[in-house]
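Data block below; observations after.
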Amino acid sequence: MAENLISIRGTVEDIVFYNEDNGYVVLDMDCDNVLVTAVGMLGDVHEGEELTLWGDYVNSPKYGRQFKAEVFERSLPKSKEAIRKYLGSGVIAGIGPAVAKRIVTAFGEDTLEIMENDSVKLAAIKGITTERAISIGKEFNKITGLRKAMTYFSKYGIQPITIASVWKMYEGRTMKVIKDNPYILCENGIDLPFHEADRLGEALGIPKNSEERVLAGIIWCLRVNAANGHTCVREIALTDTVCYELEISEDIFWDALRIAESRGDIILDDKYDDRFVFLTEYYRAECFIAEKLAEMIKRSDSGNVNYADEIAAIEWTEGIQYEELQREAINASMNNHVFILTGGPGTGKTTTLNAIISLSKQRGLKVKLAAPTGRAAKRMADLTGCPAQTIHRLLEVDFGSGGHGFKRGEDNPLSCDVLVIDEMSMVDTLLMSSLLKAVKSRTRLIMVGDSNQLPSVGAGNILRDLIASGRVPMVELKEIFRQAAESLIVTNAHRIVRGEMPVLNDRKSDFFFMPTDSEEETLRLVIELCKTRLPNTYGYSSIEDIQVLCPSKLGTVGTQSINQALQLALNPPARNKQELKYFNQLFRTGDKIMQTKNDYDVEWRRGAEKSHGIFNGDIGLVRSADRANDQLEIDFDGRTAVYDTDMLKRIEHAYAVTIHKSQGSEYPAVIIPLPNGMDRLTYRNLLYTAVTRAKNILIVIGSPRKVQSMVENDRRMLRYSCLRPMLEDHFV
């Protein structure tokens, strides 16, 4: 510990801010009756805990004097009041402020000793059974063991949240396991950046040429690339990166690469006249996708049947007339076991899809519809008039596997004749592999999407790769229909895709541009539009109809700042509104929120119906907040779920959401505030995706120069994948 660090000791009074992703905390601490604001990577600390911090005081221009902690030690609270606050902060699931008060009233300063050594005594408390008392004791002992590990490794700069992840896997063996091989911290489920584990390895005396170190470095590099969308990496690029980052020779790298291959961690393959390195799961997924699709394509009727009469009958019945490419698409979808329907907004994809569904049903075929997200599935159902569900729900998540597997697969395939998947640009490699495992080879698979949208969050570029292969039957609709052509949203979207500047000065249509000189002015306009101008002019609901879409979470016009401002403007505090504070977030009755991670265990009800699962991107409204039991009741489009403190970390306010989170959704009115900087995050596909989320009204706020720079920045996020040549190989 550096000698120039000073130390302070005190009791945590309030958690002002907590970042779950990195363990960064802002807290107020009582140090001998002096309130000190401390900041640092302190992890999941709670009110009432006693901390000793080593660091120094800093002056923040915005927040004033703070103590910046570099190292910390934590001990259990000793006074009755501190123990009550500690237990009431949610450190043990199921113990809220009310139960904590009853326990401390009964046992006083001996509370924590009883919980650790004689927890069965807790059964004397009203509402606690003997079984629950024993469970609390076990949970408390886990926490104290975890604290020792956290305190020990904090000396090496390892964040408490990382140690907590290791503890879930190894529990009491955590300290020994990490000391023996600190690079386990880079494994899936823990995911500490390699350089942080490497600093610990150096402190523990692990040599640079250690086999475990180099193996971890290779896997880390491949995972970083997967997180950036690549299913594989060129071998030469991997060699250069790992040797440079780890400061090792190529000989040492090649030895480790061979070991990783022999252990089955990676697979090497030659494609595009080059050699690529894959994490095994991505290689197997791409191989399976190519093999299964090739098998299905070869079963097709190759367009031998002409459905012109049936198509004409649908035209007569529905009172519509299809253009030539639409007829071609309908006919091709009925003649092929795999088919892609693509095109931009206003080109008639939905009209064409409805004809395909109608014709399939006329022939007695069982049709199922699905999309990657809940909102995309709901939109699909609204547009087609047919039931639709998420791909995850279609495949039936296997809760016994921790939500990482599906009940539907090769041994339990889907029972349908036609499967339609919408928003295919959002489907990543691993999900596509799982989907195809559940599809019978005789099933007709129809994929619908727009390849100009943002690619999937997960690795891969499925839709673009399948189109580029030229092996999958496909029709791209290009003609913008007259009614759609009257929409400036539609025509500007097509201009953006072509790299042309959108029309910004037409105030008679549905696309409006509002120039501003500063981000502060942009923020003011966003609030004004949401609160008064759009509701008064068009009758839109500020909460349900208007959606703010931002390129980033950060900055004055990022989602975090705008959500705080809009919560205050649209849902201010009132006597009849309940509130619940969770770290730096204050949830209030009436708040608009979004689920940020798939949670397969959440139980929800809709009338008599009961099921599980709320998924990333689902938007809901807070119906009630119960501070006594630390719970929120949230309504997700008619599905009501109760969230306790452990689940609140998976939701955030959704008055404003990122453009990435909006993909697959459509909103009556969309507002897009553009930042002045963030050039890396502002590019053509991002703007195009945001513009195409608006159904009736779109308002872009910012500078014309910023819009132009986004249109000119055709950063498609090149993704390395070998799916295309793998598929092509099956047709040689």
Side-chain angles (χ1 to χ4, degrees), residues 12-18 20 26-28 44 46-48 81 84-104 126-127 527 530-531 535 541-548 559-597 599 601-607 610 614 618-657:
V12 177
E13 288 292 314
D14 185 33
I15 305 296
V16 179
F17 173 80
Y18 172 56
E20 180 193 352
V26 179
L27 56 83
D28 289 332
D44 192 12
H46 293 265
E47 295 175 9
E81 178 60 20
R84 184 191 63 75
K85 290 186 71 173
Y86 170 67
L87 292 178
S89 67
V91 65
I92 296 177
I95 297 183
V99 176
K101 183 178 180 180
R102 293 200 294 270
I103 294 174
V104 175
K126 182 181 178 181
I527 297 170
C530 290
K531 185 176 182 180
S541 162
S542 298
I543 303 293
E544 297 180 2
D545 297 327
I546 303 171
Q547 185 61 60
V548 180
T559 59
Q560 293 177 354
S561 173
I562 292 179
N563 272 321
Q564 290 180 0
L566 286 179
Q567 183 193 37
L568 185 60
L570 304 180
N571 190 31
R575 288 186 177 181
N576 63 334
K577 294 180 181 177
Q578 304 159 306
E579 295 181 345
L580 176 61
K581 185 178 181 182
Y582 179 74
F583 291 104
N584 65 313
Q585 295 198 86
L586 181 66
F587 295 107
R588 182 178 296 131
T589 300
D591 270 345
K592 184 179 183 179
I593 64 93
M594 172 181 279
Q595 180 82 8
T596 59
K597 293 182 180 179
D599 192 331
D601 296 325
V602 179
E603 181 179 303
W604 56 261
R605 295 175 180 271
R606 178 163 47 200
K610 183 172 71 172
I614 300 294
D618 285 354
I619 288 181
L621 293 176
V622 176
R623 294 304 185 196
S624 66
D626 183 353
R627 281 198 298 181
N629 294 301
D630 295 330
Q631 291 179 339
L632 293 180
E633 184 180 78
I634 304 174
D635 183 346
F636 293 94
D637 290 325
R639 296 170 298 153
T640 302
V642 175
Y643 276 54
D644 59 27
T645 50
D646 189 50
M647 299 155 68
L648 295 181
K649 60 187 177 184
R650 301 185 187 97
I651 63 171
E652 61 186 26
H653 291 98
Y655 300 100
V657 301

Considering residues at least two apart in sequence or located in another chain, which fulfil the side chain to side chain donor-acceptor pair (under 3.5 Å) criterion with [X]?
| X | answer |
| --- | --- |
| D591 | Q567, N571, H653, Y655 |
| E544 | none |
| D637 | none |
| R605 | none |

With rounding to the nearest 0.5 angstrom, report the [atom1] to [atom2] distance, [X] to [Y].
| X | Y | atom1 | atom2 | answer |
| --- | --- | --- | --- | --- |
| K531 | L566 | NZ | CG | 10.5 Å |
| T559 | M594 | OG1 | CE | 9.5 Å |
| K610 | R639 | NZ | CZ | 16.0 Å |
| C530 | I546 | SG | CD1 | 5.0 Å |
| K592 | I634 | NZ | CD1 | 14.5 Å |
| T640 | E603 | OG1 | CD | 11.5 Å |

Pairwise side-chain contact, [X] with [Y], heavy-atom cut-off 4.5 Å (strictly under):
| X | Y | answer |
| --- | --- | --- |
| I619 | I593 | no |
| Y643 | V602 | yes |
| I651 | L632 | yes |

Can you sort out the partners of [X] under salt bridge (charged side-chain N to carboxylate O under 4.0 Å, His left out), two or more places apart, ordered by chain and number?
| X | answer |
| --- | --- |
| R102 | none |
| E633 | none |
| D14 | K581 |

Pairs flagged by salt bridge (charged side-chain N to carboxylate O under 4.0 Å, His left out) wherever residues 567-579 is involved - sequence neighbours left out:
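As it turns out, the salt bridge (charged side-chain N to carboxylate O under 4.0 Å, His left out) pairs with a partner in residues 567-579, which skip direct neighbours, are E579-R588.
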Report yes or no: does [X] contribute a side-chain atom to a donor-acceptor pair with the main-chain N or O of [Y] at less than 3.5 Å?
| X | Y | answer |
| --- | --- | --- |
| N563 | A656 | yes |
| T596 | R650 | yes |
| D618 | I614 | no |

Please report the closest heavy-atom contact between A100 and I95, naming both atoms and the distance.
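Between these two residues, the closest heavy atoms are N-CG2, 4.0 Å.
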Can V657 and V548 be said to form a side-chain contact (heavy atoms from CB on, under 4.5 Å), step by step?
CA-CA 6 Å; V657 301; V548 180; over 6 Å; no
Can you name the side-chain contact (heavy atoms from CB on, under 4.5 Å) partners of S542, sequence neighbours left out?
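In terms of side-chain contact (heavy atoms from CB on, under 4.5 Å), with neighbours along the sequence ignored, S542 is linked to P535, L570.
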With sequence neighbours left out, what residues match V26 under side-chain contact (heavy atoms from CB on, under 4.5 Å)?
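Here the qualifying residues are V16, F17, Y24, T37, V39.
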In sequence, state the C-alpha distance, the side-chain angles, and the governing distance for T589 and N576, and then conclude on side-chain contact (heavy atoms from CB on, under 4.5 Å).
CA-CA 9 Å; T589 300; N576 63 334; over 6 Å; no
Can you tell me if Q585 and K649 form a side-chain donor-acceptor pair at under 3.5 Å?
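Judged by distance alone, the side chains do not pair up.
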